[in-house]
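To keep things clear, I will list the structure first and then write my remarks on it.
Model, not experiment: these values are computed from the prediction. When a residue number appears, it is its place in the shown sequence, counting from 1.
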Amino acid sequence: MMYSSRRKPVLYFKEERRLLSGRCTLYKLFGLCMVLLLVSLLWLQLSCSGEMWTTVHAELRPPQPPPCPPAAAQASAADDPSWGPHKLALIVPFRERFDELLAFVPFMHSFLNKKKIRHKIVVINQVDHYRFNRASLINVGYLESGNDTDYLAMHDVDLLPLNEALDYGFPVEGPFHVASPELHPLYHYKTYVGGILLLTKKHYHACNGMSNRFWGWGREDDEFYRRLRKAELQLFRPSGITTGFKTFLHIHDSAWRKRDQKRVASQKQEQFKVDPEGGLTNIRYQVESRQELSISGAPCTVINTKLECDQNLTPWCLLA
């Protein structure tokens with residue numbers, strides 16, 4: 001019993017040590033788990049940081065050029081004789097019709113490329129506070145189109161050609177009215193020359209351009225028809241086109257975008273008169289900025305233009 005009584009403390013002591021040893025093991029296990037957790041979090045953070053840096057680095061890195069095509073495929077349109085020697089300036093008088101422009105530029109770029117017509121699309125964007133002046137904007141387009149083009153298309157932004165048989169080539173014989181009255185979806189009178197009209201720059205200069213007196217919508221084309229006759233230029237139109245009034249797609253929504261057809265002050269009386277002197281010789285404007293844009297891969301030049309108005313001569317440039 002004495003031995004047993006002596007052993008009890010020892011046995012108790014051993015049990016106490018075993019219990020303390022177990023606690024130490026739990027602490028160690030807990031500590032090990034915490035260390036593993038911290039290491040895992042650190043690794044995760046480093047991985048995310050690495051991925052983030054890779055992404056940022058990739059965004060900051062300049063884009064790599066595509067692999068070079070074979071030498072035969074590198075020949076551009078400028079070196080291809082099948083495209084012909086002439087280059088078209090597609091002049092688009094414009095103000096705020098951005099939805100139409102987004103459709104027009106890629107459509108026309110593709111259409112003209114299929115026909116192998118060298119071209120550049122020049123959008124003359126009116127940014128002043130005066131009423132829209134289509135004729136003056138076309139005059140600006142002629143003057144700002146550059147020496148690398150030798151003929152121009154006066155082209156509405158809301159009119160898209162659907163028939164690939166339509167000719168956009170160099171009008172060597174005389175002005176060529178693409179959107180002729182028997183094909184245009186809206187205007188069918190014989191003297192109509194609006195919508196889409198092709199002229200050499202020489203012929204446009206011979207007409208002194210278009211009159212700058214027409215603020216608001218309409219009548220500038222009718223006055224220009226008289227200029228064509230005065231310059232003794234023969235007008236040509238498409239032949240052999242069988243699609244009729246379905247030859248063009250007119251994308252203008254007149255219910256949503258009203259035309260400025262108001263006649264202010266003496267404008268109603270003056271709109272039928274011939275302007276004997278006005279045109280390229282008295283156009284006044286400022287180019288605010290010039291932007292090279294790409295719309296769905298189609299390039300175009302946007303020239304933001306402020307027109308000037310002599311209100312003593314044309315007080316209707318401002319709405320009453």
Side-chain angles (χ1 to χ4, degrees), residues 66-94 97-124 138 141-142 145-146 148-186 193-201 203-204 236-252 292-302:
C68 295
Q74 293 185 24
S76 64
D79 302 321
D80 188 347
S82 67
W83 285 64
H86 303 288
K87 186 174 181 180
L88 169 67
L90 194 70
I91 307 299
V92 185
F94 179 81
R97 296 186 183 182
F98 295 102
D99 51 338
E100 296 172 8
L101 189 67
L102 292 177
F104 177 86
V105 171
F107 182 94
M108 289 307 304
H109 181 65
S110 176
F111 183 87
L112 295 173
N113 277 346
K114 288 179 181 178
K115 299 179 73 64
K116 292 189 173 182
I117 294 178
R118 307 179 202 277
H119 65 279
K120 67 177 179 180
I121 300 174
V122 184
V123 180
I124 311 300
I138 294 174
Y142 167 84
S145 58
D148 59 333
T149 58
D150 53 1
Y151 72 114
L152 58 90
M154 302 154 52
H155 210 302
D156 288 351
V157 72
D158 58 6
L159 198 61
L160 303 180
L162 300 180
N163 192 325
E164 293 186 4
L166 290 169
D167 188 5
Y168 274 72
F170 186 75
V172 61
E173 297 180 348
F176 184 74
H177 188 210
V178 180
S180 58
E182 67 272 14
L183 302 177
H184 195 283
L186 295 179
V193 292
I196 308 168
L197 181 65
L198 306 181
L199 302 95
T200 67
K201 286 193 168 181
H203 289 158
Y204 193 79
F236 294 87
R237 285 177 168 142
S239 62
I241 303 296
T242 60
T243 46
F245 297 148
K246 296 183 179 179
T247 303
F248 299 95
L249 175 63
H250 191 241
I251 59 176
H252 178 77
E292 301 296 331
L293 301 181
S294 177
I295 302 177
S296 298
C300 69
T301 301
V302 177

Item to check | Parallel, tilted or perpendicular: ring planes of F111 versus F107, cut at 30 and 60 degrees | outcome: parallel
Checklist entry - For the residue pair F170 and H86, does the interplanar ring angle fall in the parallel (under 30°), tilted (30 to 60°) or perpendicular (over 60°) class? => result parallel
Next on the checklist: Test side-chain contact (heavy atoms from CB on, under 4.5 Å) on N113 and W83; report intermediate values, then the result.
Outcome noted: CA-CA 9 Å; N113 277 346; W83 285 64; 3.5 Å; yes
Item to check | Ring center gap for Y168 and H119 short of 6.0 angstrom | outcome: no
Checklist entry - So, for E182 and F245, which heavy atoms are closest and what is the spacing to 0.1 Å? => result O-CE2, 3.3 Å
Next on the checklist: Could you walk me through whether R97 and F104 satisfy the side-chain contact (heavy atoms from CB on, under 4.5 Å) test, starting with their C-alpha distance in whole Å, then the side-chain angles of each, then the deciding distance to 0.1 Å, before giving a yes or no?
Outcome noted: CA-CA 10 Å; R97 296 186 183 182; F104 177 86; over 6 Å; no
Value rounded to 0.5 Å, distance of [atom1] in [X] from [atom2] in [Y]:
{"X": "I124", "Y": "T301", "atom1": "CD1", "atom2": "OG1", "value": "9.0 Å"}
{"X": "I196", "Y": "D156", "atom1": "CD1", "atom2": "CG", "value": "7.5 Å"}
{"X": "I138", "Y": "I91", "atom1": "CD1", "atom2": "CD1", "value": "8.5 Å"}
{"X": "R237", "Y": "L197", "atom1": "CZ", "atom2": "CG", "value": "9.0 Å"}
{"X": "L152", "Y": "L88", "atom1": "CG", "atom2": "CG", "value": "7.5 Å"}
{"X": "F248", "Y": "I241", "atom1": "CZ", "atom2": "CD1", "value": "8.0 Å"}

Are the side chain of [X] and the backbone N or O of [Y] linked by a donor-acceptor pair below 3.5 Å?
{"X": "T243", "Y": "K246", "value": "no"}
{"X": "D158", "Y": "H250", "value": "no"}
{"X": "K115", "Y": "L166", "value": "yes"}

Item to check | Among L159, T247, L249, the one residue meeting side chain to side chain contact (heavy atoms under 4.5 Å, CB included) with P185 | outcome: L159
Next on the checklist: Side chains of S180 and H177: any donor to acceptor distance under 3.5 Å?
Outcome noted: no
Checklist entry - Are T149 and K120 close enough that a side-chain donor and a side-chain acceptor fall under 3.5 Å? => result no
Next on the checklist: Please evaluate residues M154 and L199 with respect to the criterion side-chain contact (heavy atoms from CB on, under 4.5 Å), reporting the C-alpha separation (whole Å), side-chain torsions for both, the decisive distance (0.1 Å), and the verdict.
Outcome noted: CA-CA 8 Å; M154 302 154 52; L199 302 95; 3.4 Å; yes
